[in-house]
2 protein chains.
Amino acid sequence: MARGANASARVIACCGAPGDRSLDITQATELAHAFAALSDPVRLRLLSLIATSRNGEVCACTMVEALDRSQPTVSHHLKVLREAGLVTSDKRGTWMWYRAVPERLAAVRAALG
Amino acid sequence: MARGANASARVIACCGAPGDRSLDITQATELAHAFAALSDPVRLRLLSLIATSRNGEVCACTMVEALDRSQPTVSHHLKVLREAGLVTSDKRGTWMWYRAVPERLAAVRAALG
DNA sequence: CGACAATATCGACATCTGTCAATATATCCA
DNA sequence: TGGATATATTGACAGATGTCGATATTGTCG
């Protein structure tokens, strides 16, 4: 479901790349989706909560409490993060536990240089 | 005019930071603005064109030709990139020349880890 | 000055996005 | 089985965003 998880396009030129061309439409659209997932304060705080958690995972219920948003809104944002491949979810009982995907974060970071 | 150019907030925990807390609302909003500037395919292609150019700068007229968008649209996107601090512009005669701001790109990249 | 060229701004419009209340779905427990 | 809890989905709506045509602004050159 996570789209663009295998993209390696870069905004700035890489270490003497052969072609050394700028992004084409497909690459740009793919990358734009990733950045769009990061372009909301609520989502950034969610991702931050998850990525900096002690045991590496956070229950959705915790996040609804932490952020000043309704439960449906938080659920929506978590879905966006998941579809962008930035987090994964694991349902255990009634609770939904979220984990960050460091490789995906690294991939997006790499696209910036 | 460029907002948030001095932010050093990170989504994931930094090298044993003292507080080790997640983003607050202010930091998250600031970062979100930066990512929002990167969340459009046209803007990514513009930034890519600029950042990978031979002499480090690109004339606006070149970009209007390169992308399949109207002149007002390209002008709008360049303005967004400029206000995000990702590029700078320099008017020489009738032409407007754009340059990337590597430090700003690095700062955004650093926020991802 | 006046014609031309490059860029920016304005106004309008369709689409996308964030938000919440209401509701549905899934799971646990008594 | 039935009630309670956690999460997801739906529907609606306001506000933001990308786009273009028309126009304004700025600078060059005869």
Side-chain angles (χ1 to χ4, degrees), chain A residues 1-4 23 25 28-47 49-50 57-84 86-99, chain B residues 1-4 23 25 28-47 49-50 57-84 86-99:
Chain A
M1 206 67 79
R3 44 189 172 183
L23 296 175
I25 304 97
T29 303
E30 204 165 57
L31 247 186
H33 279 133
F35 285 124
L38 296 168
S39 70
D40 182 273
V42 174
R43 282 197 292 274
L44 284 180
R45 293 187 69 201
L46 286 170
L47 184 56
L49 275 173
I50 297 169
E57 58 183 1
V58 180
C59 174
C61 55
T62 304
M63 297 188 269
V64 172
E65 293 174 8
L67 306 180
D68 198 27
R69 291 295 186 283
S70 70
Q71 178 270 322
T73 295
V74 172
S75 183
H76 161 68
H77 286 302
L78 286 170
K79 183 181 183 179
V80 173
L81 287 175
R82 199 178 34 211
E83 289 181 347
L86 294 165
V87 303
T88 56
S89 56
D90 178 31
K91 187 163 197 172
R92 291 203 292 277
T94 316
W95 288 270
M96 193 67 114
W97 296 86
Y98 286 86
R99 282 183 170 275
Chain B
M1 205 67 80
R3 39 185 178 188
L23 296 175
I25 304 96
T29 302
E30 204 166 57
L31 247 186
H33 278 134
F35 286 124
L38 296 169
S39 70
D40 182 272
V42 174
R43 283 198 291 272
L44 283 180
R45 293 186 70 202
L46 287 170
L47 184 57
L49 275 173
I50 297 169
E57 59 183 0
V58 180
C59 174
C61 55
T62 304
M63 296 188 270
V64 172
E65 292 174 8
L67 306 180
D68 197 28
R69 291 295 187 282
S70 70
Q71 178 270 321
T73 296
V74 171
S75 183
H76 162 69
H77 285 303
L78 286 170
K79 183 180 183 180
V80 173
L81 288 174
R82 198 180 353 153
E83 288 182 346
L86 294 164
V87 303
T88 56
S89 56
D90 178 33
K91 189 162 196 172
R92 290 205 291 277
T94 317
W95 288 269
M96 193 67 115
W97 296 86
Y98 286 86
R99 283 183 170 274

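Since this is a predicted model, take the numbers as computed values, not measurements. Note on naming: letters A, B, ... go to the chains in the order of the sequence lines (proteins, then strands), and numbering restarts at 1 for each one.
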Peer 1: Tell me, with the steps shown, if Val58(A) and Trp97(A) meet side chain to side chain contact (heavy atoms under 4.5 Å, CB included).
Peer 2: CA-CA 5 Å; Val58(A) 180; Trp97(A) 296 86; 5.6 Å; no
Peer 1: Can you tell me how far P of dA6(D) sits from CH2 of Trp95(A), to the nearest Å?
Peer 2: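 In whole Å, dA6(D) P lies 6 Å from Trp95(A) CH2.
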Peer 1: May I have the distance from Trp97(A) (atom CH2) to dA6(D) (atom C1'), rounded to whole angstrom?
Peer 2: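 Taking CH2 of Trp97(A) and C1' of dA6(D), I get 12 Å after rounding.
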Peer 1: Could you pick out which residue, Gly93(A) or Ala36(A), lies toward the 5' side of DNA chain C when each is mapped onto its nearest nucleotide?
Peer 2: Ala36(A)
Peer 1: Once you round it to whole Å, what is the distance between C1' of dT17(D) and CZ of Phe35(A)?
Peer 2: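 Answer to the nearest Å: 19 Å.
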Peer 1: To the nearest 0.5 angstrom, please state how far the CG atom of Leu46(A) sits from the CZ atom of Arg69(A).
Peer 2: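 Atom-to-atom, Leu46(A):CG and Arg69(A):CZ are 10.0 Å apart.
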Peer 1: Leu67(B) CG to dG18(D) P: how many Å, rounded?
Peer 2: 14 Å
Peer 1: Any chance you could measure Ser39(A), atom OG, to Leu38(B), atom CG, to the nearest 0.5 Å?
Peer 2: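 CG of Leu38(B) is found 9.5 Å from OG of Ser39(A).
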Peer 1: Regarding Arg92(A), tell me which of base, sugar-phosphate or nothing describes its non-hydrogen contacts under 4.0 Å with the strands shown.
Peer 2: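 Nothing, no heavy atom under 4.0 Å.
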Peer 1: Less than 4.0 angstrom between a side-chain N/O of Thr73(A) and OP1 or OP2 of dG18(C), yes or no?
Peer 2: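 No, outside the criterion.
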Peer 1: Rounded to whole angstroms, how far apart are CG on Leu44(B) and P on dG18(D)?
Peer 2: 11 Å
Peer 1: What's His76(A) touching, base or sugar-phosphate or nothing? Going by heavy atoms closer than 4.0 Å.
Peer 2: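 Counting heavy atoms under 4.0 Å across all strands, the contact made by His76(A) includes a base.
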Peer 1: Of the listed nucleotides (dA6(C), dT7(D), dA8(C)), which one gets closest to any side-chain atom of Cys61(B)?
Peer 2: dA6(C)
Peer 1: Rounded to whole Å, how long is the line connecting atom CD of Glu65(B) with atom P of dA5(C)?
Peer 2: 14 Å
Peer 1: Between Lys79(A) and Thr94(A), name the one whose nearest nucleotide on DNA chain D is closer to the 5' end.
Peer 2: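 Final value for this comparison: Thr94(A).
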Peer 1: Choose from dT26(D), dT9(D), dA8(C) the nucleotide whose nearest atom is closest to any side-chain atom of Arg82(B).
Peer 2: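 Closest of the options to the side chain of Arg82(B): dA8(C).
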Peer 1: Starting the side chain at C-beta, find the nucleotide from dA5(C), dT7(D), dG18(D) nearest to His77(B).
Peer 2: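 Ranking dA5(C), dT7(D), dG18(D) by closest atom to the His77(B) side chain puts dG18(D) first.
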Peer 1: Given dG18(C), is OP1 or OP2 found less than 4.0 Å from the side-chain N or O atoms of Arg69(A)?
Peer 2: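 Checking Arg69(A) against dG18(C): no side-chain N or O falls below 4.0 Å of OP1 or OP2.
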Peer 1: Specify the separation, in whole Å, of atom NZ of Lys91(B) and atom C1' of dT25(D).
Peer 2: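 Going from NZ in Lys91(B) over to C1' in dT25(D) covers 8 Å.
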Peer 1: Look at the side chain of Cys59(B) and decide which nucleotide, out of dT7(C), dC20(D), dG18(C), has an atom nearest to it.
Peer 2: dT7(C)
Peer 1: Check Val87(B), Asp90(B), Thr88(B) against Tyr98(B) for a side chain to side chain contact (heavy atoms under 4.5 Å, CB included) and give me the one that passes.
Peer 2: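 So the option named by the test is Val87(B).
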Peer 1: Can you tell me the distance, in whole Å, between the CD atom of Glu83(A) and the C1' atom of dT9(D)?
Peer 2: 13 Å
Peer 1: Rounded at 0.5 Å granularity, tell me how far NE2 in His77(B) sits from CG in Asp40(B).
Peer 2: 4.5 Å
Peer 1: For a quick check, tell me whether the side chain of Gln71(B) and the base of dA6(C) share a donor-acceptor pair closer than 3.5 Å.
Peer 2: no
